Amino acid sequence: MEMASNFIKSIIEEDIASGKVREIVTRFPPEPNAYLHIGHARAIITDFEMARIFGGYTNLRFDDTNPVKEDAMFVEAIKEDIKWLGYTPKNVFFGSDYFEESYQRALLLIRKGLAYVDDQSPEEVSKHRGTLTEPGVESPCRNRSVEENLRLFQEMRDGKYADGEKTLRAKIDMASPNINMRDPVIYRILHITHHNTGDRWCIYPMYDFAHPLQDAIEGVTHSLCSLEYVDHRVLYDWFVEKCEMPHTPHQYEFGRLNITNTIMSKRYLRQLVDAKEVRGYDDPRMPTLVGLRRRGYTPEAIRTFVIGTGLSRINSTVSSEMLENCLRDDLRLKALRVNAVLNPLKVVIDNYPEGQTEWFDAPNNNENEALGLRKIPFEKVVYIERDDFAETAPDKHWKRLSLGLEVRLMHTYFIKCISVVKDQDGTPREIHCTYDPETKSGTGFTARKPNGNLHFVAAGQALPATFNLFEPLMVDSDGDRPLLERLNRDSWHVMNGFVEPSLKDVQSGDKFQFVRNGYFSVDYDSRPGALVFNRIVELKSSFK
RNA sequence: UGGGCUAUGGCCAAGUUGGUCAAGGCAUCGGACUCUGACUCCGAAACCGCUAGUUCGAAUCUAGCUAGCCCAGCCA
């Protein structure tokens with residue numbers, strides 16, 4: 001699937017047409033402090049696709065300028081997720097690779113009288129910043145001499161000051177209506193060991209200063225980010241210009257991607273894990289890439305979803321059904337369509353010989369012959385879904401089994417229900433049927449129409465299996481109450497049933513369509529003899 | 001009158017030298033087909049946030065208005 005027309009693509013096309021840029025270079029700059037989720041997928045896919053479409057390339061750059069928040073463990077996880085999505089960065093860099101250069105550029109700013117060391121405490125800085133409607137007040141340190149600033153900044157670097165004691169600030173405009181321009185802090189003191197640079201530095205650049213410099217150093221042409229950075233763009237441009245960067249990157253912003261009934265913020269996801277409301281970041285109900293992967297989502301489905309939802313300057317909330325549809329679409333012709341009974345009801349076929357097993361050919365995918373055939377067994381005792389039987393048909397639209405009605409067990413025979421054995425409470429324990437040898441599949445029998453086609457599993461050949469069915473962790477319609485209050489605590493249902501024998505040797509991650517039910521993926525915990533399947537999505541159904 | 005951004009059917013989203021019926025996807029509702037109530041195939045809905053202008057003609061131009069989102073971390 002190709003990306004449709006969107007405003008960023010148009011900008012790039014114009015830039016190429018006008019000769020403004022020759023090769024497109026983008027970057028994906030995650031901060032290594034969390035697992036990636038499907039919201040990030042939009043950024044990743046946009047960054048990589050934009051470069052790919054125009055024959056350029058994309059760098060992966062870990063934005064590790066704040067050692068208090070970051071963790072090397074996420075570096076590998078993020079690399080893995082990007083690879084899984086199908087992308088390969090041209091280079092893998094770290095923001096910390098540019099600490100020395102950033103430092104030199106800060107020095108340049110100081111020499112040009114465009115940066116100064118401030119002695120104010122964080123509280124004072126905050127107080128003097130002003131408000132949305134009132135200008136800020138200038139720091140008493142604002143007009144220090146270049147020499148003094150140079151000396152102080154050197155001392156900051158040398159570790160003479162404690163955390164928070166001093167900062168380096170850009171000298172811009174304390175009265176700017178854009179608060180980002182009110183002398184933003186560009187270096188802060190942090191006596192902490194950095195996962196990459198160890199104890200080499202105790203001053204670290206802020207995002208607003210570091211990011212444009214990193215982009216410029218790498219030769220990024222189009223620096224794509226989300227809408228909340230619109231107000232930072234003027235600062236971005238200011239730093240590139242004032243620091244005299246030899247290359248001028250440009251920032252473009254697009255809206256974030258949200259999905260209905262899906263929690264997407266780092267904070268909430270962490271909360272779910274910490275509160276043990278889910279089994280970890282790779283819980284199949286989580287919107288993290290590791291969670292979606294475990295659930296069984298394919299990278300292709302995620303890519304078509306992201307590309308299909310388009311790109312604009314609106315923070316959009318796309319229906320989760322769209323994502324589900326992308327998964328079905330991806331697996332429709334790829335997945336083997338096999339039989340699984342999640343909630344079994346025993347069916348005894350009275351007139352079928354005891355101990356006999358007949359093997360029938362069944363297409364693995366009736367829309368894709370290339371996937372071939374497999375054998376499925378038929379026997380005297382089989383299982384069907386409990387939902388596929390009702391003692392008396394509820395209405396004329398009922399296309400399943402009932403007393404006196406005849407249905408086809410797919411790829412085998414018609415069976416007719418003649419009696420029901422019930423438990424004390426009235427629930428059917430088993431039902432008795434007869435089969436009609438005349439109706440054998442493949443013989444071209446057309447004398448009667450069955451009242452439906454049911455999937456089944458022959459009892460003697462059935463493999464026991466566990467099925468995990470999922471619901472959203474929360475529902476949007478629950479309003480604005482705190483997350484943990486509107487959590488759906490019954491979002492994971494476990495069913496125990498059977499699958500057909502052809503599934504004996506499935507491997508973790510294998511995907512199937514369980515006929516008339518949905519798409520399933522073999523869970524990581526699945527073992528031969530103890531199969532575990534996760535339902536990725538249900539099949540659509542017009543059954544009411 | 002702080003600054004910035006946005007506004008096209010239920011949800012996304014094309015469309016910007018003004019002019020064939022305002023793409024497409026998801027969802028929804030009908031119908032056909034079917035050895036999956038799946039798939040597939042037909043059919044159905046918007047006058048483009050509002051108002052007033054410019055024009056033979058505007059979603060596309062102008063003015064005013066309304067609504068939503070973002071910004072006061074030594075976070076990113």
Side-chain angles (χ1 to χ4, degrees), chain A residues 4-7 10 29-31 33 63 65-66 68-70 118 120-123 125-127 129-136 163-169 176-182 184-190 203-204 206-208 210-211 225-234 253 255 257 259-260 266 304-305 308-326 328-329 332-333 337 339 362-363 366-367 397-400 407-412 414 439 441-442 445 449-450 452-455 513-518 538-544:
Chain A
S5 170
N6 64 58
F7 74 102
S10 302
E31 188 182 13
N33 69 352
D63 211 334
T65 56
N66 187 351
V68 325
K69 294 173 56 183
E70 291 141 11
D118 195 358
Q120 294 182 109
S121 67
E123 296 70 33
V125 169
S126 174
K127 195 172 73 189
R129 184 154 23 233
T131 69
L132 296 178
T133 54
E134 297 161 320
D163 291 4
E165 205 176 327
K166 291 197 183 330
T167 58
L168 182 70
R169 294 231 256 165
S176 172
N178 180 344
I179 293 183
N180 297 307
M181 299 299 274
R182 320 243 260 231
V185 170
I186 61 181
Y187 263 95
R188 77 285 221 186
I189 298 170
L190 256 21
I203 56 173
Y204 293 92
M206 299 286 289
Y207 169 88
D208 278 326
H211 205 86
C225 63
S226 50
L227 250 24
E228 62 264 36
Y229 293 101
V230 171
D231 288 342
H232 296 246
R233 187 174 58 232
V234 54
E253 313 84 14
L257 172 62
I259 300 175
T260 56
K266 251 179 220 178
T304 55
F305 171 72
T309 49
L311 197 62
S312 71
R313 282 174 73 85
I314 292 179
N315 285 319
S316 55
T317 302
V318 178
S319 163
S320 56
E321 291 156 321
M322 181 115 169
L323 210 210
E324 295 178 351
N325 191 68
C326 288
R328 289 189 204 104
D329 224 45
R332 189 166 62 85
L333 299 178
R337 301 177 182 185
N339 290 328
N366 54 14
E367 288 188 273
H397 303 299
W398 181 249
K399 293 176 65 178
R400 306 180 181 189
V407 298
R408 170 164 31 221
L409 293 183
M410 290 174 67
H411 310 303
T412 57
F414 286 18
T439 61
S441 285
F445 177 83
K449 287 276 181 204
N453 298 291
L454 306 186
H455 61 281
Q513 179 193 111
F514 288 166
V515 171
R516 300 208 306 131
N517 189 313
E538 292 181 70
L539 244 34
K540 280 199 280 192
S541 172
S542 55
F543 177 54
K544 287 149 206 134

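It should be emphasised that the depicted structure is a prediction, and the values quoted were computed from it without experimental measurement. Chain A is the first sequence line, chain B the second, and so forth, proteins listed ahead of strands; every chain is numbered from 1.
- Comparing B/G37, B/G4, B/C74 by their nearest atom to the side chain of A/His397 picks out B/G37.
- B/U54 and B/G19: their C1' atoms are spaced 16 Å apart (whole Å).
- Contact of A/Ser441 with B/C35 (side chain to base): a donor-acceptor pair of N or O atoms is detected under 3.5 Å.
- Between the CD1 atom of A/Ile186 and the CE atom of A/Met206 there is a distance of 10.0 Å, given to the nearest 0.5 Å.
- Using a 4.0 Å heavy-atom criterion, one finds that A/Gln513 contacts the bases of the nucleic acid, with or without backbone contacts as well.
- Of all non-hydrogen atoms in A/Arg408 and A/Ser441, the two that sit nearest each other are CD-OG, 4.1 Å.
- Side-chain contact check for A/Leu454 versus A/Arg516: some heavy-atom pair is nearer than 4.5 Å.
- When heavy atoms are screened at a 4.0 angstrom cut-off, A/Leu311 is found touching the sugar-phosphate backbone but no base atom.
- If you check B/A72, B/C12, B/C35 against the side chain of A/Thr131, the one that comes closest is B/A72.
- Rounded to the nearest Å, the gap between the P atom of B/U8 and that of B/U55 is 29 Å.
- The closest side-chain donor-acceptor pair between A/Asp208 and A/His232 falls under 3.5 angstrom.
- Among the nucleotides B/A76, B/A38, B/A72, the one closest to the side chain of A/Leu539 is B/A38.
- If you measure from atom OH of A/Tyr204 to atom C1' of B/G73, you get 18 Å, rounded to the nearest angstrom.
- The partner of B/A52 is B/U62, judged by Watson-Crick or G-U wobble contacts that both fall below 3.5 Å.
- At a threshold of 4.0 angstrom between heavy atoms, the contacts of A/His411 include nucleobase atoms, whether or not backbone atoms are also involved.
- Residue contacts for A/Thr167: at a heavy-atom cut-off of 4.0 Å it reaches a base atom on one of the strands shown.
- For the atom pair A/Ile189 CD1 and A/Glu165 CD, the distance stands at 6.5 Å (nearest 0.5 Å).
- Using a 4.0 Å heavy-atom distance criterion, A/Gly518 is classed as making no nucleic acid contact.
- Across all strands, A/Ser176 comes closer than 4.0 Å to no nucleic acid atom at all (heavy-atom distances).
- When each of A/Asp63 and A/Asn366 is assigned the nucleotide of RNA chain B bearing its nearest heavy atom, the one mapping closer to the 5' terminus is A/Asn366.
- Nucleic acid contact class of A/Arg129 (heavy atoms, under 4.0 Å, all strands): sugar-phosphate only.
- Look at CG on A/Asn339: it is 14 Å from C1' on B/A38, rounded to the nearest Å.
- Proximity note for A/Ile314 (side chain, C-beta onward) versus B/A13, B/A14, B/A72: the nearest is B/A13.
- Note on A/Glu538: nothing from the nucleic acid sits closer than 4.0 angstrom, heavy atoms only.
- With P as the reference atom, B/C65 and B/U28 are 42 Å apart, rounded to whole Å.
- Residue contacts for A/Asp231: at a heavy-atom cut-off of 4.0 Å it reaches a base atom on one of the strands shown.
- Rounded to a whole angstrom, the distance from the P atom of B/A59 to that of B/G18 is 13 Å.
- Between A/Val318 and A/Leu257, some side-chain heavy-atom pair lies under the 4.5 Å cut-off.
- Close to B/C35, at under 4.0 Å from its OP1 or OP2, lies no side-chain N or O of A/Thr412.
- Taking the P atoms as reference points, B/G49 lies 14 Å from B/A13, given to the whole Å.
- When distances run from any side-chain atom of A/Leu132 to the nucleotides B/G25, B/C35, B/A72, the shortest one goes to B/A72.
- Nearer to the 5' terminus of RNA chain B, by closest-nucleotide assignment, is the contact made by A/Arg400 (compared with the other of A/Arg400 and A/Lys166).
- Pairing for B/A27 is absent, judged as Watson-Crick or G-U wobble with the two contacts each under 3.5 Å.
- Closest approach to the A/Arg188 side chain among B/A76, B/G2, B/G37 is made by B/A76 (side chain taken as heavy atoms from C-beta onward).
- Comparing B/C11 with B/A27, their C1' atoms sit 7 Å apart, to the nearest whole Å.
- Here B/G2 is the nucleotide among B/G37, B/G2, B/C74 with the atom lying nearest to any side-chain atom of A/Pro177.
- Nucleotide B/C5: paired with B/G68 (Watson-Crick or G-U wobble, both distances less than 3.5 Å).
- Listed nucleotides B/C12, B/G73, B/C39 differ in distance to A/Ser316; the shortest reach to its side chain belongs to B/C12.
- Within the nucleic acid shown, A/Val318 comes within 4.0 Å of sugar-phosphate atoms alone, with no base atom in reach, counting heavy atoms only.
- In this structure, A/His232 reaches the bases: a heavy-atom distance under 4.0 Å links it to at least one base atom across the strands shown.
- One P atom belongs to B/G4, the other to B/G64, and the distance between them is 14 Å to the nearest Å.
- Look at B/G37: its glycosidic torsion is beyond 90° from 0, and that puts it in the anti range.
- A/Thr260 comes within 4.0 angstrom of no nucleic acid atom, judged by non-hydrogen atoms across all strands.
- By the 30° and 60° cut-offs, the orientation of the rings of A/Phe414 relative to A/Phe445 is perpendicular.
- Applying the 4.0 Å criterion to OP1 and OP2 of B/C39, one finds that A/Lys540 has a side-chain N or O inside that range.
- Remark: the separation of the P atoms in B/G43 and B/G24 is 11 Å, to the nearest Å.
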